[in-house]
Number of protein chains: 2
Amino acid sequence: MPVSIEPRKRPRQARAAATVEAILEATAHILEREGLGALNTNNIAVRAGVSVGSLYQYFPTKQAILTEIIRRKRRRLVDGIERALRAVDGATLADGVDGLIAATIEHQIAWPRLARTLEAAEAFLPLERETEALKQSLAAHIGGFLAEHGIADVEVATQDLIALVRGMIDAAGLAGETDRAFLARRIGRAARGYLMRSQADTV
Amino acid sequence: MPVSIEPRKRPRQARAAATVEAILEATAHILEREGLGALNTNNIAVRAGVSVGSLYQYFPTKQAILTEIIRRKRRRLVDGIERALRAVDGATLADGVDGLIAATIEHQIAWPRLARTLEAAEAFLPLERETEALKQSLAAHIGGFLAEHGIADVEVATQDLIALVRGMIDAAGLAGETDRAFLARRIGRAARGYLMRSQADTV
DNA sequence: ACCTGAACACCGTTCAAGT
DNA sequence: ACCTGAACACCGTTCAAGT
């Protein structure tokens, strides 16, 4: 039987909302400091200052907690990308790509271990459909921008760009890098190299 | 207390060696088809055709089984890279990079879900030191090659190249791509774009 | 040396009782 | 409506008995 990952009920009172936030904060904290292996519901409840029973009032499974954290993070990513695209509206391809890279770095580098751990956690969660929807959404946004600038094979290009940007940011985050401008320049070189030759291919 | 991940004892008889191989094969099979969430030791034992007791004779923990699979996979990657580097000895930078990309694709794209799942599994395993050693080894090999061709900031360049190559291959694998030549060409564009501008920067 | 499977321990989840 | 924590179930691991 598929594991339930949907929140169980909405908190109606302020203290209940605080309980939910405390559970999510405790989970993120444990993931960033100790990793997935150290995460269990007792752990979470103790750090959140509530009982396990309360935890299970709002989340039917441990995986539902992880799912909520992932969904919030994804929402922030999409918001960040949308904001970046509005900001670079009418800009050149190179400037636009730089804006997208900066927005993604901003989103991904703050808690590198948490980011990596959440990606690992996805292997346990039945989120394929949502992941697909996220990709579609990013593809629509980013692909639209690329198409406006004459990039061929937009779907593949979008997949490739997202993959190389994420790969390089994750590696930098795990290596402890904090100089975002330096990282953005390197990613920009790879991305523009990819895109310029992609344009050339279409000539 | 740290989880033990070292093999418990070496098989001495042929049937024991067969048992170990069956356990590893069963684990890889479950990971590729059903993912980490479906992996448990009963599962593994049943599919391997042995009892749980036998499994625990050779592996002290479930994580030790995952560790052995990861170690074998890493060994194959290093071998493949070394072979590729010997093959492109004396070649141009562009040809050498193409050779490295092809070797990495060959290694990573065969069982894309298994590859992704193993990366996720690393979040549970105390493999930091080995992961660091692997990076050092790859950095020594690939960095040496890059340095011979006048690439600046070799350590960062190596990290970036590995990250973008892996990121793009993983994404392609999960998207179900099977055309390795097409994928190699796209990765080559990004990698050469990164490196050529990197060279230009040094002028 | 190798194998088996019932027994034990831990952690995810439930539920009866409370405010 | 929300909270608590003891009880239950499942799966990782052990161990006594077997070939």
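Here is the naming used below: chain letters follow the sequence lines, and residue numbers restart at 1 for every chain. Values below: every heavy atom of this structure, side chains too, minus hydrogens, waters and symmetry copies.
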| query | What's the shortest heavy-atom distance between S4(A) and T61(A), and which atoms? | reply | O-OG1, 2.7 Å
| Euclidean distance, atom CD1 of residue I23(A) to atom C1' of dC3(D) [Å, nearest integer] | 11 Å
| In terms of side-chain heavy atoms of A16(A), which of dT13(D), dC2(D), dC2(C) is nearest? | dC2(D)
| Are R8(A) and Y58(A) in a cation-pi contact, defined as NZ or CZ under 6.0 Å from the six-membered ring centre and within 45° of the axis? | no
| task | Determine whether L164(B) and V165(A) make a side-chain contact, defined as any pair of heavy atoms from C-beta on separated by less than 4.5 Å. | result | no
| said: Between K135(B) and E130(B), does any NZ, NE, NH1 or NH2 come within less than 4.0 Å of an OD or OE carboxylate oxygen? | reply: no
| field | V88(A) side chain reached by D98(A) side chain, heavy atoms, under 4.5 Å | value | no
| request: Give the rounded distance in Å between these two atoms: CZ of R12(A) and P of dA1(D). | output: 5 Å
| query | Does T19(A) have a side-chain nitrogen or oxygen under 4.0 Å from the phosphate oxygens OP1 or OP2 of dC3(D)? | reply | yes
| Given side chains that start at C-beta, do those of L183(A) and T178(A) come closer than 4.5 Å, heavy atoms only? | no
| task | State which of dT4(C), dC2(D), dT13(C) makes the closest approach to the side chain of Q13(A). | result | dC2(D)
| Nucleotide dT13(D), atom C1' - distance to CD of Q63(B) in whole Å | 12 Å
| said: By the definition salt bridge (Lys or Arg N to Asp or Glu O under 4.0 Å), identify the one residue from R116(A), R71(A), K73(A), R74(A) that meets it with E122(A). | reply: R74(A)
Protein-nucleic acid N or O pairs under 3.5 Å, nucleotides 14-19 of chain C:
residue : atom : partner : partner atom : Å
dT14(C) : OP2  : R8(A)   : NH2          : 3.3

| field | Phosphate contact (dC3(D) OP1 or OP2) by S51(A) side-chain N/O below 4.0 Å | value | no
| task | Quick one: label L39(A) by what it contacts on the DNA or RNA (base, sugar-phosphate, nothing), any heavy atom closer than 4.0 Å. | result | sugar-phosphate
| message | Any base atoms under 4.0 Å from Q57(B), or only sugar-phosphate, or nothing? Heavy atoms, all strands. | response | base
| task | Toss me the dot-bracket line for DNA chain C: Watson-Crick and G-U wobble, both under 3.5 Å, 5' to 3', using | for pairs to another strand and [ ] for crossers. | result | ||.|||||...|||||.||
| message | Among dT13(D), dG12(C), dC2(D), which nucleotide has an atom closest to any side-chain atom of Y58(A)? | response | dC2(D)
| task | Measure the shortest side-chain to side-chain distance between Q159(A) and E155(A) over non-hydrogen atoms and say whether it is less than 4.5 angstrom. | result | no
| said: Contact list please: residues 26-38 of chain B against DNA chain D, heavy atoms, distance less than 4.0 Å, in numerical order. | reply: none
| said: How many whole angstroms separate atom CG of N42(B) from atom C1' of dG12(D)? | reply: 9 Å
| Within the structure shown, what part of the strands sits under 4.0 Å from I44(A) by heavy-atom distance: base, sugar-phosphate, or nothing? | nothing
| message | Measuring only between side-chain heavy atoms, which start at C-beta, is T158(A) closer than 4.5 Å to L161(A)? | response | no
| said: Any salt bridge linking R166(A) with E119(A)? Criterion: basic side-chain nitrogen under 4.0 Å from a carboxylate oxygen. | reply: yes
| query | For L55(B) and dG5(C), what is the distance between atoms CG and C1' respectively, to the nearest whole Å? | reply | 13 Å
| field | Residue-phosphate contact under 4.0 Å: K9(B) side-chain N/O, dC2(C) OP1/OP2 | value | yes
| request: Can you spot which of H107(B), E82(B), E106(B), Q108(B) makes a side chain to side chain contact (heavy atoms under 4.5 Å, CB included) with L77(B)? | output: H107(B)
| request: State, with a plain yes or no, whether a side-chain heavy atom of L39(A) is found less than 4.5 Å away from one of L66(A). | output: yes
